[in-house]
Amino acid sequence: MKNHYMLTTPIYYVNGLPHIGHAYTSIAADVMARFKRLDGYDVFFLTGTDEHGQKVEQAAQNKGQTPELFVNKISNQFRNMADQLKISYNDFIRTTEDRHKKSCQALWKKIADAGYIYLDAYKGWYSLRDECYYSEDELTTISDGRKIAPTGAEVKWLKEPSYFFKLSVWQDKLLEFYELHPDFIGPESRKNELLSFVRSGLRDLSISRTSFKWGIPVPGDSDHVMYVWFDALVNYISALGYPNIDSSNLWRFWPTDLHLVGKEIARFHALYWPAFLMAAGLEVPKRIYSHGWWTVEGEKMSKSVGNVIDPIELVNEFGLDPVRFFLLREVPFGGDGDYSRQALINRMNNELANDLGNLAQRTLTQIARNCEGILPDIGQRFEEDIELIAKVELLPIILREQMDRQALNESLEDIWKVIRASNAYIDHQAPWKLKKTDFERMKVVLRTLVDVLREIATCLQAFMPDSMDKLLTQLGVDQNKRHFSDLEDKIQAGQKLPSPSPIFPRFIETD
RNA sequence: GGCGGCGUAGCUCAGCGGUAGAGCAGGGGAAUCAUAAUCCCUUGGUCGGUGGUUCAAAUCCUCCCGUCGCUACCA
């Protein structure tokens, strides 16, 4: 019986096209999902698209399309992006699917039956032009006493019937829950913000709208559609078949081990979502982790500046694995990062081509030329061989702990420490000299390096699946011997290795 | 305004009570198996400022300066 692991990306809102931020979240989640699978877990990795709400309705209208047509198109683009980035999702859920609607309505009923939903009126400053509410402090009062939104539109005090969720009664329960589960939200800085927000007092939450139609109808009151956040959050359990909570089914994955989110939506996941679930008597996620944002060449990414990075274009120019690597290597996960073309090229050339790619290439060509491509026996290892092997064998253990903290960049740093040590090792052992003085010793050194590379490549599969597949094949590792648990079985000596070819090309600017 | 984070080598950051660290960039050397990749050595910092606690402070506390985030319905 395998251990379960469930993780999710947010479902992406379809009012715009996918950009590097979406790619980042998905790639990070993918690395974690792949890592857990390599480590023997039964993984359920969920992603998808969020397709309701006024903004989508509007965006479709602006294009003269029906919402259905519009969301189909954009949702497909997100799915294509996921596929091109080789995101290994187990399910791609769309909030316009029937299974999701049923699930949402079931959860709503459950919470309503428990007494946590009531009908009242949403009051606030509403802008007809912007079709949304503004809070008092966002407004400016002009000379004749009228109030103006930041967009310049006039606002009016408006009352709209709305269902409310009794969030206020969950304040203490939530605080207690955070206390009991200190690792519930990461990173720490995000947790502080959240706690101070909750301590400052929670008001009830408006969870339905009557001003537009593009949403899931509230059960028993077809004048209302559910507020997008209620709708969206429920995707995580509708994909598991809620309200069917039979644990012999997909429901066995609940509660999820991780919701990976961007920092702008941490509150919805760490506060509203647990409250909804508690109100419905369901278990709460084990952990919410919020990562940072990317700037581009030092500037905030925005459509108006025109510096939005299309992940697919990046992949087309540099290749998938270098892009995946760069995004996770460049920045401490959880903090903000800056994308720059030069930084990507530096990482790609220095760390992938020079450090790792070249290490593999120099090792394998020596075996090809000096040993007729036959993988040598492990032989009699010296202390320096054993030391290097010991370092590399620690990696899976170190990585496991880091993955559970979502410290992906630390993992890559630790792997690269071993790669640097391996380059030092090959230089100090100088197998090209041993070739003339001690042929047997040369074979031991080269074989040691193959074993080290095999361990490194096994670990790196989660980050760079294609390249590491190629490397493991060159190292003579069977397709079905690539999990962490297979590392105890040494590669079969005496086999003929395929002729080596570079795994990571250097990138040369052509202009 | 309130709450919180951060400010350490040219750049990106680690260290968070006991003689200042890594990677990149810069300088010198070695080697030539390799994608001219690699290895070794090296230049460089009064750890934002101030006052304090301590035998001892980047490391704890005060105040100040700078910067960033959160402060409810904006995926």
Side-chain angles (χ1 to χ4, degrees), chain A residues 9-16 21-22 25 49-50 53-56 122 124 130 132-135 137-138 150 162 164-165 167 187-207 209 227-230 232-233 261-269 271-272 292-293 329-332 335-338 340 342-343 346-347 349-370 409-410 413 416-417 420 422-435 442 445-446 449 500-508:
Chain A
T9 72
I11 46 174
Y12 301 116
Y13 202 48
V14 295
N15 72 334
H22 301 109
T25 314
T49 45
D50 178 18
Q54 192 168 22
K55 282 200 171 178
V56 169
Y122 186 81
D130 302 340
C132 70
Y133 286 92
Y134 290 97
S135 68
D137 55 359
E138 286 178 286
S162 169
F164 281 80
F165 172 73
L167 183 63
E188 199 72 16
S189 56
R190 214 48 68 193
K191 178 178 167 184
N192 292 337
E193 286 175 7
L194 181 85
L195 282 181
S196 72
F197 180 82
V198 176
R199 286 201 194 97
S200 73
L202 296 177
R203 301 201 294 267
D204 289 348
L205 194 67
S206 162
I207 52 169
R209 290 295 134 92
Y227 171 56
V228 279
W229 268 108
F230 187 92
L233 287 164
V261 299
K263 62 182 183 178
E264 74 284 4
I265 57 175
R267 194 172 67 227
F268 297 92
H269 284 82
L271 207 167
Y272 302 157
W293 283 351
R329 170 70 166 135
E330 183 72 3
V331 168
D336 289 346
D338 181 53
S340 88
Q342 195 54 53
N346 286 345
R347 290 285 181 195
N349 286 346
N350 293 343
E351 298 187 337
L352 293 182
N354 298 352
D355 289 347
L356 176 56
N358 186 52
L359 174 66
Q361 186 67 9
R362 65 203 299 213
T363 301
L364 290 169
T365 50
Q366 287 182 80
I367 292 175
R369 289 187 190 160
N370 305 334
N409 64 303
E410 287 183 32
E413 176 58 28
W416 251 259
K417 275 183 187 153
R420 284 185 218 113
S422 305
N423 269 318
Y425 169 86
I426 195 174
D427 262 57
H428 295 150
Q429 300 307 314
W432 50 91
K433 283 184 188 160
L434 290 169
K435 181 176 136 189
M442 178 204 75
V445 168
L446 292 176
L449 283 161
S501 73
I503 323 157
F504 297 112
R506 288 178 62 77
F507 184 86
I508 313 290

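Every value quoted in this text rests on a predicted model; they were computed, and no experiment measured them. Quick note: numbers below take in every heavy atom, side chains included, and nothing from hydrogens, waters or symmetry partners. Convention: sequence-line order gives letters A, B, ...; per-chain numbering from 1.
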Phosphate OP1/OP2 of B/rU71 contacted by A/Arg267 side-chain N/O (<4.0 Å): yes

Mind listing the N/O atom pairs, protein and nucleotides 11-17 of chain B, below 3.5 Å?
none

So does A/Arg199 get a side-chain nitrogen or oxygen closer than 4.0 Å to the phosphate oxygens (OP1/OP2) of B/rC3? no

Output every pair passing salt bridge (charged side-chain N to carboxylate O under 4.0 Å, His left out) with a member in residues 196-206 of chain A, not counting sequence neighbours, ordered by first then second residue. none

Symbol by symbol from the 5' end, with Watson-Crick or G-U pairs under 3.5 Å, [ ] crossing and | another strand, RNA chain B is ((((((((.[[[[.)..(..]]]].(((((.......))))).....[[.[[..)....]].]])))))))....

Donor/acceptor link under 3.5 angstrom from A/Glu193 side chain onto base of B/rC70: no

Between B/rG2 and B/rC55, how far apart are the two P atoms, rounded to whole Å? 36 Å

Roughly how far apart are A/Leu364 CG and A/Leu446 CG, rounded to 0.5 Å? 9.0 Å

How far does the P atom of B/rA9 sit from the matching atom of B/rG69, given to the nearest Å? 22 Å

Return the value, rounded to whole Å, for the distance between atom CD of A/Glu264 and atom P of B/rC74. 14 Å

Can you name the residues that form a ring pair (Phe, Tyr, Trp, His ring centres under 6.0 Å) with A/Phe504, not counting sequence neighbours? none

Among residues at least two apart in sequence or on other chains, which ones pass salt bridge (charged side-chain N to carboxylate O under 4.0 Å, His left out) with A/Arg347? A/Glu330, A/Glu351

B/rG15 and B/rC3: how far apart are their C1' atoms, nearest whole angstrom? 27 Å

Check whether any side-chain nitrogen or oxygen of A/Asn423 sits under 4.0 Å from OP1 or OP2 of B/rA37, and answer yes or no. no

Sub-3.5 Å pairs of nitrogen or oxygen atoms, protein against nucleotides 25-30 of chain B:
none

